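Here's the structure we're looking at; comments come further down.
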Amino acid sequence: MLDVLGNLERTHSCGELREGDVGKKVVLMGWVAKKRDFGVLTFIDLRDRDGVTQVVMNEEDAGEAHSKAKNLRGEFVIAVKGEVVMREGTHNAKLATGDIEVHASEILILNDAKVPPFQLEVAGSENLADESTRLKYRYLDLRRPQLQHNIRMRARAVAAIREYFDGRGFIEIETPILLKSTPEGARDFVVPSRIHTGKFFALPQSPQILKQLTMISGFDKYYQIARCFRDEDLRADRQPEFTQLDMEMSFANQEMAYREIEGMFGHVFKLIGVELPAQWPRMTYAEAMRRYGSDKPDLRFEMELVDLSSELTGTDFAPFASVLENKGEIKCITVKGKADHSRKQLEELQEFVKRYGAGALAWIKMGDEITSSLLKVLGESKIAELAAAAEAEKGDLVLIVAGKRSVVAASLGALRVEVAKREDLIDRTAYRPLIVTEFPMFEYDEESDCYAAAHHPFTSPMDEDLEKFTTAVNDDTQHHLLGEVRAKAYDAVINGYECAGGSIRIHQKDIQALNFKALGLTVEKARERFGFFLDALEYGTPPHGGFAAGVERTCMILCGTENIRDVMAFPKTASAQDLMMDSPGEVDTAQLDELGIGIRTE
RNA sequence: GGGGUCGUAGUUCAGUUGGUUAGAACGCCAGCCUGUCACGUUGGAGGUCGCGGGUUCGAGCCCCGUCGGCCCCGCCA
């Protein structure tokens with residue numbers, strides 16, 4: 001039934017024939033994207049990764065090919081021998097190959113295909129099939145031009161990254177995937193060992209320690225396109241398995257790291273014709289939190305947070321008064337020209353901020369008359385004062401949140417982005433990078449009343465804060481000062497996405513010991529987990545630092561998508577399953593026995 | 001762990017106050033058609049309304065539970 005390929009070779013792809021090729025005898029191969037049957041005349045849209053070419057079968061001059069075409073169905077794989085012919089008055093402006101068509105003299109049916117479980121392309125719409133269906137048949141979904149484009153863009157981005165670092169004298173070094181679990185940070189994926197029953201490897205959350213060891217080994221400049229694994233819940237921009245560009249360099253300070261961030265992203269973004277600035281703006285973490293309520297602010301729009309705390313000092317309104325008493329704050333954003341928000345819209349926005357722990361969302365509408373949810377409790381003149389502080393003019397909407405500092409930042413910061421999306425305030429053609437500097441060294445965890453490493457436990461404190469750091473660790477009464485210690489840690493942010501993060505590391509064992517102590521790790525515990533690394537630090541470790549960039553997040557921006565699955569060939573669902581291969585799956589008991597593992601069922 | 005939302009034909013969706021035989025478009029199958037490219041046209045097939053239970057004379061619709069997709073909070077050194 002089916003034809004054999006034999007020695008037949010393609011002469012062109014389905015996307016490259018042009019007017020200049022008219023008259024050539026060609027061989028094309030690809031998938032049947034569409035068939036239009038006119039009886040004695042049949043048209044096929046032949047698709048491959050490069051594009052679509054129209055193939056014509058005419059009963060009069062290619063009877064055999066024409067009758068064979070009767071059997072063709074969507075997604076059949078065929079080879080077409082024929083001649084490139086100019087289209088006369090029927091060119092198709094939608095196709096790159098639309099000036100020509102191929103008149104088939106012979107068709108080979110290389111393979112047939114079942115009717116796909118969903119239509120690969122629905123004309124003129126985004127009515128794609130349900131994602132679970134598409135994920136089950138991911139190999140079919142990947143045939144869609146959009147995903148073809150994204151996956152190829154990703155390949156080009158990775159190639160550009162390699163090109164950049166190779167050109168800068170960095171050495172690509174592969175580090176092991178089977179590591180040792182270090183129960184800090186994210187949950188590990190764990191791999192049992194057959195040879196060492198009862199013992200486990202862990203998959204890398206990042207090659208952090210290993211890349212630092214390459215500095216101790218004297219490689220000076222390291223990079224790797226590294227697969228990382230974190231057993232945490234997923235998000236639209238988070239998968240349990242992802243790829244990062246990991247780099248490290250010796251004798252480095254922060255500015256040197258920033259230059260590599262700027263250089264690498266600058267090189268990569270040329271792929272989409274975007275010229276990022278040679279030097280990115282810098283902003284401290286504290287300033288980002290104050291102005292945007294976020295450590296990854298989207299700078300494509302304004303709407304900065306304004307502090308109303310001083311205007312409300314001494315207020316009688318009990319909720320605000322108690323917030324200020326408890327060192328909280330009251331802040332707002334001003335939405336230009338949106339005083340016409342309905343009660344329903346405002347309620348939706350209130351529901352939105354409540355997700356971040358905000359108690360309520362107060363508002364001022366600068367309509368023909370000024371109205372506000374706070375009018376009764378604060379009075380007209382105070383409302384006018386707040387509006388003035390918020391720089392709200394006639395027609396504007398002011399949205400106010402009061403509460404703990406962390407809650408106000410999180411809720412208003414998120415609201416700022418949400419409102420910008422809803423009101424279409426974001427310039428989709430803009431790319432606004434930013435380097436956020438001086439991250440805090442520690443994060444306070446209320447539950448355990450402990451300080452945890454904000455970045456990771458090998459991050460160097462800022463020289464300026466070294467004294468404070470030492471005091472905080474060695475003087476129990478000054479422990480709270482840990483919250484004020486800043487680290488030589490930084491993030492690269494583009495359009496509100498954290499694309500890279502890094503730090504200058506600790507290279508002196510005394511400071512590393514101090515840091516473990518700050519984190520509540522005893523010497524014994526630290527040795528148990530990182531002993532090999534602490535040993536290494538003692539053999540002449542150069543000052544070093546680096547960063548890791550999220551390959552998927554970078555590609556999301558390059559491809560203009562908000563979903564990480566759009567830039568991964570075989571992603572997992574929000575519940576961390578692969579619907580195509582149905583993983584994770586069970587293993588048979590023989591396999592478990594060999595590993596000395598039993599499954600507890602309850 | 002929590003919240004929101006969706007689940008009806010292969011696909012995308014509609015389905016009134018709970019009421020006869022659950023509809024449309026695309027796709028699919030068969031025929032006709034010499035210039036289509038969202039071809040047209042004639043005819044046809046295709047349904048466990050996610051699953052389980054309940055209320056009712058009667059459930060796609062109401063109630064309870066459950067499973068799955070997506071999004072969010074927590075989490076993500």
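Predicted model, so just to flag it, every value in this text is computed and none were measured. All values below come from the heavy atoms of this structure, side chains included, with hydrogens, waters and symmetry mates left out. The chains referred to below are lettered A, B, ... by the order of the sequence lines, with proteins before strands, and numbering in each begins at 1.
Regarding contacts with the backbone of B/C32, every side-chain N or O of A/K70 stays at 4.0 angstrom or more from both OP1 and OP2. For B/C39, one of the phosphate oxygens OP1 or OP2 lies less than 4.0 angstrom from a side-chain nitrogen or oxygen of A/K34. Put simply, A/R73 has a side-chain N or O that comes within less than 4.0 Å of OP1 or OP2 on B/C29.
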Test side chain to side chain contact (heavy atoms under 4.5 Å, CB included) applied to A/I564 and A/R235, step by step: CA-CA 9 Å; A/I564 193 170; A/R235 285 287 187 283; over 6 Å; no

A/R36 vs A/Q54, side chain to side chain contact (heavy atoms under 4.5 Å, CB included): CA-CA, chis, key distance, verdict: CA-CA 10 Å; A/R36 291 177 294 279; A/Q54 175 164 279; 2.9 Å; yes

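For A/N563, the side-chain atoms get nearest to B/C70 when compared with the rest of B/G69, B/C70, B/A38. Closest to the side chain of A/K94, from the set B/G35, B/A38, B/C70, is B/A38. Nearest to the side-chain atoms of A/E131 among the listed nucleotides B/G69, B/C37, B/U11 stands B/G69. The side chain of A/A129 has B/U12 as its nearest neighbour among B/C37, B/G69, B/U12. In this structure, of B/G74, B/A38, B/U36, it is B/U36 that holds the atom nearest to the side chain of A/F43. Checked against B/C71, B/C76, B/U11, the side chain of A/E232 finds its nearest nucleotide in B/C76. Across B/C71, B/G35, B/G1, the shortest atom-to-atom separation from the side chain of A/R565 is found for B/C71. Here the side chain of A/T573 is nearest to one of B/G35, B/G69, B/G10, namely B/G69. Comparing atom distances between the A/T133 side chain and each of B/C37, B/U11, B/G35 picks out B/U11 as nearest.
Here, B/C72 and B/C76 have their C1' atoms 14 Å apart, quoted to the whole Å. B/U20 and B/G4 have their P atoms separated by 33 Å, with the value rounded to a whole Å. Remark: the separation of the C1' atoms in B/G54 and B/C29 is 42 Å, to the nearest Å. Comparing the C1' positions of B/G65 and B/A9 gives an interatomic distance of 27 Å, to the nearest angstrom. The gap from the P atom of B/C37 to that of B/G23 amounts to 32 Å, rounded to the nearest Å.
Not a single donor-acceptor pair, N or O on each side, falls under 3.5 Å between the base of B/U12 and the side chain of A/Q119.
A distance of 10.0 Å separates OG1 of A/T53 from NE2 of A/H12, quoted to the nearest 0.5 Å. Separating the CG atom in A/N150 from the CZ atom in A/R565 is a distance of 13.0 Å, to the nearest 0.5 Å.
As judged by a 4.0 angstrom heavy-atom cut-off over every strand, A/T42 is placed among residues making no nucleic acid contact. Residue A/F458 is classed as having no contact, given no heavy-atom separation below 4.0 Å to the nucleic acid. If you check every strand for non-hydrogen atoms under 4.0 Å, A/A236 touches sugar and phosphate atoms only. A/D130 comes within contact range of the sugar-phosphate backbone alone, with a heavy-atom separation under 4.0 Å but no base atom that close. Counting any heavy atom pair closer than 4.0 Å across all strands shown, A/Q205 reaches no nucleic acid atom. Heavy atoms of A/E348 sit nowhere under 4.0 angstrom from any nucleic acid atom. Note on A/P117: only backbone sugar-phosphate atoms sit closer than 4.0 angstrom, heavy atoms only; bases stay farther off.
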Could you list the protein-to-nucleotides 40-46 of chain B atom pairs, N/O on both sides, closer than 3.5 Å?
none

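Of the N and O atoms on the side chains of A/N563 and A/T561, not one donor lies less than 3.5 Å from an acceptor on the other residue.
For the pair A/L234 CG and B/G1 P, the computed distance is 14 Å after rounding to whole Å. Here B/C26 presents its P atom at 18 Å from CG of A/L120, a figure rounded to the nearest Å. Atoms CG (A/D141) and C1' (B/G69) sit 14 Å apart, rounded to a whole Å. Between the NZ atom of A/K136 and the P atom of B/G10 there is a distance of 13 Å, rounded to whole Å. In this structure, CG of A/L41 is placed 15 Å from C1' of B/C32, rounded to the nearest angstrom.
Base pairing of B/U17 is not made with any nucleotide, judged by Watson-Crick or G-U wobble geometry with both donor-acceptor distances under 3.5 Å. Applying the Watson-Crick and G-U wobble criteria (two distances, each under 3.5 Å), B/A25 pairs with B/U11. Base pairing analysis places B/C49 opposite nothing; no Watson-Crick or G-U wobble pair with both distances below 3.5 Å involves it. Figure legend. B/A30 is base-paired to B/U42; pairs are counted as Watson-Crick or G-U wobble with both atom distances under 3.5 Å. Across all strands shown, B/G68 forms a Watson-Crick or G-U wobble pair with B/C6, both key distances being under 3.5 Å.
Salt-bridge formation is not detected for the pair A/R18/A/D21: no Lys NZ or Arg NE/NH1/NH2 atom is positioned less than 4.0 Å from an Asp or Glu carboxylate oxygen. Under the 4.0 Å criterion applied to side-chain N and carboxylate O atoms, A/D491 and A/K296 are not assigned as salt-bridge partners.
Take the nearest nucleotide of RNA chain B for A/V40 and for A/R230: the residue whose nucleotide is more 5' is A/V40. Both A/E562 and A/R36 lie near RNA chain B, and the one whose nearest nucleotide falls closer to the 5' end is A/R36.
Using bins of under 30°, 30° to 60° and over 60° for the plane-to-plane angle, the ring pair A/F439/A/Y285 lands in the tilted bin.
The stretch residues 84-91 of chain A touches RNA chain B through A/R87, A/T90, each having a heavy atom under 4.0 angstrom from the strand.
Between A/I426 and A/K421 the shortest side-chain heavy-atom distance falls below 4.5 Å. Residues A/S503 and A/R505 meet the side-chain proximity criterion, which asks for heavy atoms closer than 4.5 Å.
If you run side chain to side chain donor-acceptor pair (under 3.5 Å) between A/Q224 and each of A/T175, A/D246, A/T214, only A/T175 comes through.
Heavy-atom minimum distance, A/A69 versus A/M57: CB-CE, 3.9 Å.
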